[in-house]
Amino acid sequence: MAEAAAQGRPVAALTGAGISAESGIPTFRGPSGLWKGFRPEELATPQAFQRDPEGVWEWYHWRRGLVTAAEPNPGHYALAALEHHFRQEHQEDHLVTVITQNVDGLHRRAGSENLIEIHGTLLDSRCTRCSHGETIPPEASGLVYCSACGALARPAVVWFGESLPPDAWRAAYRRSAEAAVMLVVGTSAVVHPAAGLIELAAQAGAVIIEVNPEPSGMAGWARYALRAKAGEALPQLLAQAGVPIP
Ligand code: OAD
């Protein structure tokens, strides 16, 4: 990491729900991931939305409430600081990329700009008829309708069984293949194709550093494993690599 920071080599960070756990947002897997007895895999599908759009919207309104009330934590801020440090030191905007599976918007609020949200964002809706995308009004509840054509809208996120937005996926693929270092932070790395980016980066020569109290499904690719919380381990790692953390 220190070498990449000194020489301005590209760094990609692949993040998952664990980086937002210290902001009070429940992860998906494990007992705290349940909502009214449902597993996320049962709600985050096109079939669930077809069967029960009110129920699915209720879950997303609840999650949107949680994330808007939450604040980014030192893990999010450390990744934003890394990007800004590289930009300043090496005069290049795209050396540090955060590729997140999270839909909570906390990386952006922490200041990450070169950010790829491969699973979309729960702050926006997308029309089921005309695909118009817009920010969901903070006070919205119940079903959400498109302001352009009036049809039913859905959360602007990727559900199980759907493909990732092609532009976001292409960018994530390229940044992973180019990375000299990939930080894998707070993800169980069992959901594909996102988890496949770790193998891609490793096979293209990246040093994989996993930051997670538990080994992920891709831990075998990691050269280093920091078995600690992201909000503690990331600021320490970056400080050791000479990156100032404000
Ligand atoms: P998971 O809930 O599967 O995994 C969270 C990971 O974070 C686990 O490996 C935990 O050990 C780890 N963790 C918990 N607290 C942590 C902390 N403070 N610091 C670091 N790590 C911590 O979440 P994801 O891997 O993000 O997809 O799940 C991937 C995808 O599955 C999500 O994007 C979502 C979900 O269904 C879609 O909605 C399409």
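First listed ligand is number 1; within each ligand, the first listed atom is number 1. The figures here come from the full heavy-atom set of this structure, side chains too, leaving out hydrogens, waters and symmetry mates.
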Tell me whether Ser188 has any N or O atom under 3.5 angstrom from an N or O of ligand 1. yes
Lys/Arg cation over aromatic Trp59: Arg63, 6.0 Å, 45° cone: yes
Of all the atoms in ligand 1, which lie at a distance below 4.0 Å from a heavy atom belonging to [X]?
| X | answer |
| --- | --- |
| Gln101 | 29 (C), 33 (O) |
| Ala17 | 23 (O), 24 (P), 26 (O) |
| Gly186 | 5 (C), 6 (C), 7 (O), 20 (C), 21 (N) |
| Ala21 | 15 (N) |
| Gly16 | 26 (O) |
| Val191 | 29 (C), 30 (C), 31 (O) |

Among the clusters formed by ILVMFWY side chains lying less than 4.5 Å apart, do [X] and [Y] turn up in the same one?
| X | Y | result |
| --- | --- | --- |
| Val158 | Trp57 | no |
| Phe28 | Leu197 | no |
| Phe160 | Leu164 | no |

Heavy atoms only: which of [options] lies closest to [atom]?
| atom | options | result |
| --- | --- | --- |
| atom 33 (O) of ligand 1 | Glu162, His192, Glu214, His119 | His119 |
| atom 22 (C) of ligand 1 | Ala189, Gly231, Pro213 | Pro213 |
| atom 9 (O) of ligand 1 | Thr100, Asn212, Val185 | Asn212 |
| atom 38 (O) of ligand 1 | Leu14, Val157, Val158 | Val158 |

Can you tell me which portion of [X] lies within the under-4.0 Å heavy-atom range of ligand 1? Options are side chain, backbone, both, or neither.
| X | result |
| --- | --- |
| Phe160 | side chain |
| Glu22 | side chain |
| Ala44 | neither |
| Ala230 | both |

Starting from [atom], what is the nearest protein heavy atom, named by residue and atom, and what distance separates them?
| atom | value |
| --- | --- |
| atom 16 (C) of ligand 1 | Gly18 O, 3.4 Å |
| atom 25 (O) of ligand 1 | Thr187 OG1, 2.7 Å |
| atom 31 (O) of ligand 1 | Arg29 NH1, 3.1 Å |
| atom 32 (C) of ligand 1 | Phe28 CE1, 3.6 Å |

Student check: side-chain heavy atoms of [X] and [Y] closer than 4.5 Å:
| X | Y | value |
| --- | --- | --- |
| Ile99 | Thr15 | no |
| Glu113 | Glu83 | yes |
| Pro155 | Val144 | no |

Just say parallel, tilted or perpendicular for the rings of Trp159 and Phe49, cut-offs at 30° and 60°. tilted
Which atoms form the tightest heavy-atom contact between Ala21 and Thr27, and what is the distance? CB-CG2, 4.2 Å
Under 3.5 Å side-chain donor-acceptor pair for Gln101 and Thr187: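 Note: Gln101 and Thr187 side chains meet the donor-acceptor criterion.
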Please determine, by modelled atom types, if Ser147 and Glu134 share a side-chain donor-acceptor pair under 3.5 angstrom. yes
Running the 4.5 Å side-chain criterion over Ile, Leu, Val, Met, Phe, Trp and Tyr, what cluster does Val211 land in, apart from itself? Met1, Val11, Ile19, Leu79, Leu82, Phe86, Leu95, Val96, Val98, Leu115, Val181, Leu183, Val185, Val207, Ile209, Tyr224, Leu226, Leu234, Leu237, Leu238, Val243, Ile245
